[in-house]
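Values reported hereafter were calculated over all heavy atoms of this structure, with side chains retained and with hydrogens, waters and symmetry mates removed. Sequence lines set the chain letters: A, B, ... in the order given, protein chains first and strands last, and positions in each chain run from 1.
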Amino acid sequence: MGRGYPKVTGVLPVALQRMTRVVGSVMHSSKEYVCVMQLHRPVSEERLREVLSEFTGRIYQRPPVRSSVKRSLRVKVVHEIELLEYTGRYALLRIASEAGTYMRKLCWDVGLVLGVGAHMRELRRTRTGPFTEDRGLVRLQDVAEALYRFREEGKDDLLRKVVLPGEFSICHLPKVVVRDTAVESLIHGAPLAVPGIVMLHEGIKPGDTVAVLTLKGELVALATAEMSSEQVISERRGIAFRLRRVVMEPGLYPRTWKRREQKA
Amino acid sequence: MEERDVTKEGMSFIREIDEFCGYNRRWLVKLEGEPTDPRYGWLPRERPIGKYIEYGVINLDKPPGPTSHEVVAWVKRMFGVQRAGHGGTLEPHTP
């Protein structure tokens, strides 16, 4: 399995258990790659640069034959292609693009436009949304070692380094912090009303996806804005956010509805 | 004995999340001085280890060879967990 793409490596954020629920928001965020493209016949560097620049911005891409999505022509945004090195046969590229842009296809298409043919030799993903190579990238061996140390020696220090609090995976979203007393009702499906809000990022518009956090920084849920940030600040009541994906389990914060007085 | 200020520590963790990816929008405060009760929930780094894993994410370096899908299956088995998911496959043909 996977023999067709042996030399594909790099940043693959893996969410565990409850955090699986937010993985979509990371999945659909932008990516950065370093890619080795092999040209089937040499072209001048000038010509290559010219063609590469045609592949930045909005490009049309039909997903490869063997792909998991419908093979209709899609428009993808390539933010940047930088030619790092060129030998006349191999081109080392750094590419920043929108999620779902196929690098293998991009290399192939560049080859077609150049008229000499080309294919992708090697690919390394250097960024997936908020996760980059230089911020705590760990190898499978590191994970295995940390688990071994925990299971055999009862020490969780390495495990706590290898695994990050899942909250980091939503760092690129605007955030809303809620009062302790709002948490449990949100988990049970209630919308977030203005009085439950402690603070929020500016610039939120109705329809935006936001992350709802407790005052301790725990991710409660992903939600959709019904109000703008400014409205939340000026209004005294009303529904500000509707929950979309609840991450936090019930029972950690007190219930505050029905009976107002509840001694812990 | 010195009292810990969990609200302050929570705020500094929230700032840390923003800084993790250079998110620099300004915060607007609606309720000044609202505290959090240390009896409920946890500061994310202080969750007991089982919970820590349950709410965890790994910034994994996918090795050459296996597909993204296979790598996730390994991680699941290593942790003995039912659920895990990745942030976008590295191979176009993997579902």
Below 4.5 Å from any heavy atom of chain A, which atoms of [X] appear? Answer side chain, backbone, both or neither.
X       : result
B:Trp74 : side chain
B:Val75 : side chain
B:Glu32 : neither
B:Phe20 : both
B:Lys51 : side chain

Does any heavy atom of chain B fall under 4.5 Å from the side chain of [X], the backbone, both, or neither of them?
X        : result
A:Met248 : both
A:Lys175 : both
A:Ala144 : both
A:Pro174 : both
A:Ser234 : backbone
A:Glu249 : both
A:Val183 : neither
A:Ala99  : neither
A:Glu235 : backbone

At their closest point, which heavy atom of [X] faces which heavy atom of [Y], and how far apart are they?
X        : Y        : answer
A:Pro165 : B:Val57  : O-CG1, 3.9 Å
A:Ile170 : B:Ile17  : CD1-CG2, 4.2 Å
B:Cys21  : A:Pro130 : CB-CB, 3.9 Å
B:Tyr52  : A:Val163 : OH-O, 2.7 Å
A:Leu215 : B:Pro35  : CD1-O, 3.4 Å

Only pairs of heavy atoms separated by less than 4.5 Å count here; which of [options] has the most with chain B?
options                                : value
A:Leu123, A:Thr128, A:Leu147           : A:Leu147
A:Val22, A:Val14, A:Val247             : A:Val14
A:Arg125, A:Glu133, A:Arg139           : A:Arg125
A:Val177, A:Thr181, A:Val194, A:Leu159 : A:Leu159
A:Thr132, A:Ile197, A:Val198           : A:Val198

How long is the span from the [atom1] atom in [X] to the [atom2] atom in [Y], to the nearest 0.5 Å?
X        : Y        : atom1 : atom2 : answer
A:Leu16  : B:Ile53  : CG    : CD1   : 7.5 Å
B:Lys62  : A:Leu137 : NZ    : CG    : 12.5 Å
A:Tyr253 : B:Asp37  : OH    : CG    : 8.5 Å
A:Leu12  : B:Leu60  : CG    : CG    : 6.0 Å
A:Met199 : B:Leu28  : CE    : CG    : 9.5 Å
B:Arg45  : A:Leu164 : CZ    : CG    : 8.0 Å

Would you confirm whether [X], through its side chain, and [Y], through its main-chain N or O, come within 3.5 Å as a donor-acceptor pair?
X        : Y        : value
A:Arg179 : B:Glu34  : no
A:Asp156 : B:Ile49  : no
B:Asp61  : A:Thr9   : no
B:Tyr55  : A:Leu219 : no
A:Lys216 : B:Val6   : no

Pairwise side-chain contact, [X] with [Y], heavy-atom cut-off 4.5 Å (strictly under):
X       : Y        : answer
B:Thr36 : A:Thr214 : no
B:Asn59 : A:Val11  : yes
B:Asp18 : A:His201 : yes
B:Lys30 : A:Ile233 : yes

(message) Under a plain distance cut-off of 3.5 Å, with no hydrogens placed, do A:Glu218 and B:Tyr40 share a side-chain donor-acceptor pair?
(response) no

Neighbour count >12 (heavy atoms, 6.0 Å) for atom [atom1], [X]:
X        : atom1 : result
A:Trp108 : CH2   : no
B:Arg26  : CZ    : no
B:Gln82  : CD    : no

(message) Shorter than 4.5 Å, heavy atoms on both sides: which option in B:Glu16, B:Lys76, B:Lys8 has the most such pairs with chain A?
(response) B:Glu16

(request) Using the test salt bridge (charged side-chain N to carboxylate O under 4.0 Å, His left out), find all partners of A:Arg21 that sit at least two apart in sequence or belong to another chain. (result) none

(message) Test side chain to side chain contact (heavy atoms under 4.5 Å, CB included) on A:Leu140 and B:Met78; report intermediate values, then the result.
(response) CA-CA 10 Å; A:Leu140 273 172; B:Met78 286 162 77; 4.1 Å; yes

(request) Please test B:Arg47 against A:Glu167 for salt bridge (charged side-chain N to carboxylate O under 4.0 Å, His left out), starting from the C-alpha separation and ending with a verdict. (result) CA-CA 13 Å; B:Arg47 289 176 176 129; A:Glu167 280 76 9; 2.7 Å; yes

(message) Looking at A:Glu202 and B:Arg25, is there a salt bridge between them, counting it only when a charged N and a carboxylate O are closer than 4.0 Å?
(response) no

(message) Using the ring-ring contact (aromatic ring centres under 6.0 Å, His included) criterion, which residues pair with A:His172? Sequence neighbours excluded.
(response) none

